[in-house]
Amino acid sequence: MDEVTAIFADMGFTVAEGPDVETDDYNFTKLNFPVGHPAREMHDTFFFNQKPDGSRLLLRTHTSPVQVRTMLAQKPPIRVICPGRTYRATATRPYADVSSGRGLVIDENSISAT
């Protein structure tokens, strides 16, 4: 992942990082995952115990919440790569700690997210 990050940095991308422990809002809602989507289920996502207000934190399942945080924090143009760990339950083991990366470009002539 360090080599990929360095390549993107050489192309003018900044590196953005975010928390491994995420809110439901940033991990799902702000990314248009509807209530009832399979990714929101306990068998795919590691949730912490519910808080008294009913909200719950989780281990992020992708690094896309970092893109959301970046778009809320700065105005275009944006050229950012978001490397980091993600966590998902799998059929072969009770947890998965996977390195992942997302890229985001927003300017007057292009919009791209991966």
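Worth knowing before you read on, the calculation uses all heavy atoms, side chains too, and leaves out hydrogens, waters and symmetry mates.
- Here the CG atom belonging to N27 is positioned 10.0 Å from the OG1 atom belonging to T63, to the nearest 0.5 angstrom.
- More than 12 heavy atoms of other shown residues, nucleotides or ligands fall within 6.0 angstrom of atom CG in D53.
- The side chain to side chain donor-acceptor pair (under 3.5 Å) check on T14 picks up nothing, with sequence neighbours excluded.
- The line from CD1 of I81 to CZ of R102 is 11.5 Å long, rounded to the nearest 0.5 Å.
- Applying the side-chain contact (heavy atoms from CB on, under 4.5 Å) criterion to V21, with sequence neighbours excluded, gives F48, L57, L59.
- More than 12 heavy-atom neighbours from other residues, nucleotides or ligands sit within 6.0 angstrom of CG on D10.
- Annotation: the span from L58 atom CG to D24 atom CG amounts to 6.5 Å, rounded to 0.5 Å.
- Put simply, the side chain of C82 does not reach to within 4.5 Å of the side chain of L104, judged on heavy atoms.
- Counted within 6.0 Å of CD on E108, heavy atoms from surrounding residues, nucleotides or ligands total 12 or fewer; the atom is thus considered open.
- In this structure the side chain of V105 reaches within 4.5 angstrom of the side chain of F13, judged on heavy atoms.
- Residues forming a side-chain contact (heavy atoms from CB on, under 4.5 Å) with T70 (at least two apart in sequence, or on another chain): A16, V66, Q74, I78, V80.
- Residues passing the salt bridge (Lys or Arg N to Asp or Glu O under 4.0 Å) test with R79, sequence neighbours excluded: none.
- Under the side-chain contact (heavy atoms from CB on, under 4.5 Å) criterion, F33 pairs with F28, L31, H37, A39, R40, H62, not counting sequence neighbours.
- Residues in residues 13-22 take part in these salt bridge (Lys or Arg N to Asp or Glu O under 4.0 Å) pairs, two or more places apart or across chains: D20-R60, E22-R69.
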